[in-house]
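Written below as structure tokens is the structure these notes are about.
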Protein chains: 2
Amino acid sequence: MFHMKRMSTVRVHHPPSRAGEPGSGFRLEEFLPYRLSVTANRMSRAFARAYAERFGLSIPEWRVMAVLGTGGPMPASAIVERTAMDKVKVSRAVAALEGKGLVLRRPHPNDRRSALLDLTAEGRAVFEQIVPLARALEAELTAVLGPEDRALLATLLARLDAHLGKLGTPERDVGDPG
Amino acid sequence: MFHMKRMSTVRVHHPPSRAGEPGSGFRLEEFLPYRLSVTANRMSRAFARAYAERFGLSIPEWRVMAVLGTGGPMPASAIVERTAMDKVKVSRAVAALEGKGLVLRRPHPNDRRSALLDLTAEGRAVFEQIVPLARALEAELTAVLGPEDRALLATLLARLDAHLGKLGTPERDVGDPG
DNA sequence: ATGATAATGTTTCATATGAAACGAATGTCA
DNA sequence: TGACATTCGTTTCATATGAAACATTATCAT
């Protein structure tokens with residue numbers, strides 16, 4: 001289907017000038033979506049390991065606890081919104097947390113399709129233990145950036161995020177980036 | 001196992017002062033690993049969709065092509081290094097691309113366990129078509145940041161990434177962050 | 001050489017993921 | 001009221017993922 005005249009395929013490596021080069025000198029390592037993905041994944045891995053080892057929690061589970069821990073009782077739909085996870089993931093995370101006795105379900109007064117979720121006393125205790133760990137790990141992993149650059153990064157990400165949201169990009173997660 | 005005195009659980013919402021509050025006022029939305037993950041995933045989704053719709057490629061496949069498109073023939077191990085994907089993913093992506101006629105395998109002169117991979121003529125043609133699309137999409141998605149902020153973000157990510165690499169964080173991908 | 005160890009890439013297997021189908025409940029509107 | 005459409009959350013199912021086991025080939029030490 002596609003075909004191309006392949007002229008004298010001489011391959012030149014990362015030279016300052018790149019005219020006529022294949023891909024016009026495209027370099028994956030400098031491609032922002034790729035960098036963003038790699039960095040986010042690395043960081044995620046570190047957190048996933050810490051949560052799993054010390055608390056037996058997955059990241060979706062931790063996220064649910066984080067939201068419930070500060071947001072009071074709320075239906076699953078609210079967790080979906082605040083968590084950027086899809087409803088299937090939230091449903092499963094909640095079920096797992098229920099099984100562990102960290103989250104409980106109460107009937108929703110106005111809607112019997114739903115239920116109000118909240119941390120149990122034990123769930124709250126675990127949450128109180130995770131927060132300092134999460135903060136410490138965040139601090140450790142982002143130590144190269146000073147406080148200012150860390151704040152700057154957060155700002156840039158927030159702006160980018162808001163923009164992506166406006167572009168009609170559907171919600172939910174994905175396993176990999178560009 | 002964990003238990004806590006739950007005193008008069010009055011819940012206060014995002015106040016400037018947060019002493020004594022549960023989780024000491026932890027807010028997932030302000031947690032850098034979380035933000036990083038959400039933003040990266042959103043961006044990835046947009047790229048994944050574009051690649052799939054217009055070229056029938058997954059992101060791992062695109063990454064392999066991107067590396068081969070600018071790096072000349074190389075063994076799979078080199079792709080693993082430059083791509084931050086694990087070898088299983090690379091193996092599968094290469095197999096898929098071979099099946100589509102976009103990548104070919106040549107015997108490695110010095111090592112019969114390996115093979116030298118390269119784009120076919122058609123693969124190269126497709127690559128030449130994707131690069132401008134990828135650049136345009138990157139530009140569109142990061143339009144809110146000016147050129148300077150975009151560069152700044154890249155710098156911050158690179159620094160962060162280098163630091164994460166030094167911390168002994170294992171390589172490879174993960175599906176979710178903290 | 002020769003045996004032990006390491007590296008390359010594939011396959012296997014158990015888990016994670018989300019789109020779509022679903023049952024139940026609610027909302028809408030004539 | 002009584003269809004009909006919509007929303008909530010779960011379940012189903014097909015796919016994606018990577019750790020571990022694997023076959024093959026290289027490398028190293030003797």
Side-chain angles (χ1 to χ4, degrees), chain A residues 37-38 41-42 44-45 48-49 51-53 56-64 73-81 83-99 103 105-117 169-177, chain B residues 37-38 41-42 44-45 48-49 51-53 56-64 73-81 83-99 103-117 169-178:
Chain A
S37 162
V38 169
N41 280 336
R42 272 195 170 157
S44 296
R45 236 175 291 125
R49 192 156 17 112
Y51 296 152
E53 281 175 5
L57 295 176
S58 69
I59 284 181
E61 285 162 29
W62 146 248
R63 283 189 185 176
V64 167
M74 65 179 77
S77 58
I79 299 182
V80 168
E81 284 166 17
T83 231
M85 302 192 296
D86 84 325
K87 60 183 182 172
V88 178
K89 222 180 210 173
V90 169
S91 174
R92 290 197 262 240
V94 167
L97 290 170
E98 239 190 317
V103 159
R105 242 175 245 272
R106 289 207 279 155
H108 185 123
N110 310 325
D111 192 335
R112 284 188 306 163
R113 293 168 301 183
S114 186
L116 288 181
L117 304 168
T169 309
E171 303 310 316
R172 266 150 284 97
D173 280 358
V174 89
D176 213 322
Chain B
S37 160
V38 169
N41 281 335
R42 273 195 167 154
S44 296
R45 235 175 293 124
R49 193 155 18 113
Y51 297 152
E53 281 176 4
L57 295 175
S58 70
I59 282 181
E61 286 163 29
W62 146 248
R63 283 189 185 175
V64 167
M74 64 179 76
S77 58
I79 298 182
V80 168
E81 284 166 17
T83 231
M85 300 192 296
D86 85 321
K87 60 183 182 171
V88 178
K89 222 180 209 174
V90 169
S91 174
R92 290 197 260 240
V94 167
L97 291 170
E98 238 190 318
V103 160
L104 60 81
R105 241 173 247 271
R106 288 207 279 156
H108 185 124
N110 310 326
D111 192 336
R112 284 188 306 163
R113 293 169 303 184
S114 186
L116 289 181
L117 304 167
T169 311
E171 304 309 318
R172 266 152 283 95
D173 281 1
V174 89
D176 214 319

- Message: Whether the side chain of Arg45(A) and the base of dG18(D) hold a donor-acceptor pair under 3.5 Å is what I'd like checked.
- Response: no

His108(A) atom NE2 is separated from dA25(C) atom C1', nearest whole Å, by 12 Å

Whole-Å distance, Asn110(A) CG to dA25(C) C1', equals 13 Å

To the nearest angstrom, the CD1-C1' distance between Ile59(A) and dT15(C) comes to 15 Å

Paired with Val64(B), the side-chain contact (heavy atoms from CB on, under 4.5 Å) test is passed by just one of Met85(B), Lys89(B), Arg92(B), namely Met85(B)

So CG of Leu116(B) and CZ of Arg105(B): to nearest 0.5 Å the spacing works out to 11.0 Å

Looking only at heavy atoms, the pair that brings Gly56(B) and Glu61(B) closest together is O-OE1, 3.9 Å

Problem - Base dT7(D) paired with Arg113(A) side chain (donor-acceptor, <3.5 Å) - result: yes

Rounded to whole Å, the CD1-C1' distance (Ile79(B) to dG9(C)) equals 12 Å

Suppose we call a contact any N or O donor and acceptor under 3.5 Å apart; does that hold for the side chain of Arg105(B) and the base of dG9(C)? no

From CG of Asp86(A) across to P of dT11(D) the rounded distance in Å is 15 Å

Nearest heavy-atom contact between Arg106(A) and Pro73(A) is NH2-CG, 4.5 Å

Do any side-chain nitrogens or oxygens of Lys87(A) fall under 4.0 Å of OP1 or OP2 in dT10(D)?
no

Walking DNA chain D from its 5' end, the first of Arg112(B) and Ser77(A) to be reached, judged by nearest nucleotide, is Ser77(A)

When rounded to whole Å, the NZ to C1' distance for the pair Lys89(A) and dA16(C) reads 8 Å

Note: for Asp111(B) and Ala78(A) on DNA chain D, the residue whose nearest nucleotide lies more 5' is Ala78(A)

Per atom distances to the Ser91(B) side chain, the nearest of dG18(D), dT10(C), dG9(C) is dT10(C)

Is the phosphate of dG9(C) approached by Ser114(B) (side-chain N or O, under 4.0 Å from OP1 or OP2)?
yes

Rounding to 0.5 Å, atoms CG (Asn41(A)) and CG (Asn41(B)) come to a distance of 7.5 Å

